[in-house]
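All remarks here apply to the structure that follows.
Remember, predicted model here, so these are calculated numbers, not experimental data. First the proteins, then the strands, lettered A, B, ... as listed; each starts at 1.
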Protein chains: 2
Amino acid sequence: MPAAKISQNTAPQSQPARSGPAQPRTQAGLASSLRIAVGRLNRRIRNQREDDSLTLNQLSALGILERKGPLPVGELAACERIRPPSMTRIVSGLEELGLAVREPDQVDRRVINVRITDAGKARTAADRKRRDAWLTHKLRDLTPDERERLRAALPVLEKLAGL
Amino acid sequence: MPAAKISQNTAPQSQPARSGPAQPRTQAGLASSLRIAVGRLNRRIRNQREDDSLTLNQLSALGILERKGPLPVGELAACERIRPPSMTRIVSGLEELGLAVREPDQVDRRVINVRITDAGKARTAADRKRRDAWLTHKLRDLTPDERERLRAALPVLEKLAGL
DNA sequence: TCTAACTCATTACCTTTGCTAAAGGCCAGT
DNA sequence: ACTGGCCTTTAGCAAAGGTAATGAGTTAGA
């Protein structure tokens, strides 16, 4: 099957072993490499979903509601660093699934508080485990040193991400 | 303007200072935190583009073409860990901008080799600098220790991302 | 008090970016 | 010369984000 080798006819591809990413010595190099790695890793994570599982946003929003209690749509959007209309859509999906409910605020009737339901809490734990299964598995394949590096860098990533 | 405080009426929000994300002690916790951080950081990076700049994918594809020379669409897609149809669209965009050209392979006329043009090379350097400006700036605001943690973790992130 | 300006959520619509399925052209082995 | 397989592309779908405009509710000032 010659088809698989055709690129060698036209592409230089001098050192087959040197396929790794560039080495970031400068600060701009670090930024560039980090940008690429984060983009690809995010794509891979996003694709690891089974058909009936919640989307990343649904899961993330439920997590916040679980940790912080009921929140207005706008604040929930701010937590996720997205705009209110986007959060409205996510909340609508959650409400249709019965995982969250909208409750008009008693004090200021412009705001709609979103609360996670018991079904939502039950679903979150199970779903998060499935959702993270791929990544957890990948982490298990790392060396302890590599895991430690990730753990050490995580707060920095979160800082860059705006918490 | 009391409107901004309304959430305090309904949300617990006991400790204002404890707004940081959960501490990942377990491996699943690490996976979860990493997933969320990577997702948000990616979103922030992606949004830092000026109107006339290339998209992340266009920039990334051009970078590969610049480093590796002309490649068939399918291989280019494999490098980016995306499917061929997605790469077709990216290449079409680049071709419209005159930054890359499609060249039917001489040997196997099913494959279309993609080559970066001189205009593409010129554009890449300038654009990448602008593109990374935000992240570079953020990196500059970190402490040397934080930067070092990122640098140490970068190879691990790249490994997880599949290079 | 009553009106003007503001705020919150939502609706409507658009964009980007990925996917799968299927079509069309091309290659190779039987 | 078929038949099956491979590479690209087209067509259509879904997720996830955005802006602009609308409607309802609130606040502040004349």
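The distance from atom CG of A:Leu56 to atom P of C:dC19 is 15 Å, rounded to the nearest whole Å. We find that CG of B:Leu76 is positioned 14 Å from C1' of D:dC7, with the value rounded to whole Å. The interatomic distance linking A:Leu41 (CG) with C:dG18 (P) rounds to 14 Å, in whole Å. The CD atom of A:Glu103 sits 19 Å away from the P atom of C:dC8 (whole-angstrom rounding). Remark: C1' of C:dT10 and CD1 of A:Ile112 are 9 Å apart, rounded to the nearest angstrom. Rounded to a whole Å, the CG atom of A:Asn42 is 15 Å from the C1' atom of C:dC19. One interatomic measurement links the two molecules: CZ of A:Arg44 to P of C:dC19, which rounds to 12 Å at whole-angstrom precision. Across the protein-nucleic acid pair, B:Met87 atom CE and D:dT10 atom P stand 16 Å apart, rounded to whole Å.
In this structure, A:Arg109 does not reach the C:dA9 phosphate: none of its side-chain N or O atoms is under 4.0 Å from OP1 or OP2. Taking 4.0 angstrom as the limit, A:Thr55 places a side-chain polar atom (N or O) nearer than this to OP1 or OP2 of D:dA16.
Residue side chain B:Arg110 reaches the base of D:dC6 through a donor-acceptor N/O pair under 3.5 Å, judged by distance alone.
Looking at A:Arg81, its side chain does come within 3.5 Å of a backbone N or O of A:Gly162 through a donor-acceptor pair. For the pair A:Glu80 (side chain) and A:Ala77 (backbone), a donor-acceptor distance under 3.5 Å is absent. Not one N or O on the side chain of B:Asp132 forms a donor-acceptor pair closer than 3.5 Å with the backbone of B:Leu135. With hydrogens and angles ignored, the 3.5 Å screen pairs a side-chain donor or acceptor of A:Arg147 with a backbone N or O of A:Leu139.
A salt bridge (Lys or Arg N to Asp or Glu O under 4.0 Å) check over residues 84-96 of chain A, counting only residues at least two apart or in different chains, returns the pairs A:Glu95-A:Arg102.
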Audit row: A:Lys121, A:Glu66, salt bridge (charged side-chain N to carboxylate O under 4.0 Å, His left out) steps and yes/no: CA-CA 7 Å; A:Lys121 288 177 194 166; A:Glu66 201 167 21; over 6 Å; no

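Distance from the side chain of A:Asp108 is smallest to D:dT26 among C:dA9, D:dT9, D:dT26.
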Base versus backbone protein contacts along nucleotides 17-23 of chain D [heavy-atom cut-off under 4.0 Å; B, S, -]: BBBB---

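Between the CZ atom in B:Arg40 and the CG atom in A:Leu157 there is a gap of 13.0 Å [rounded to 0.5 Å].
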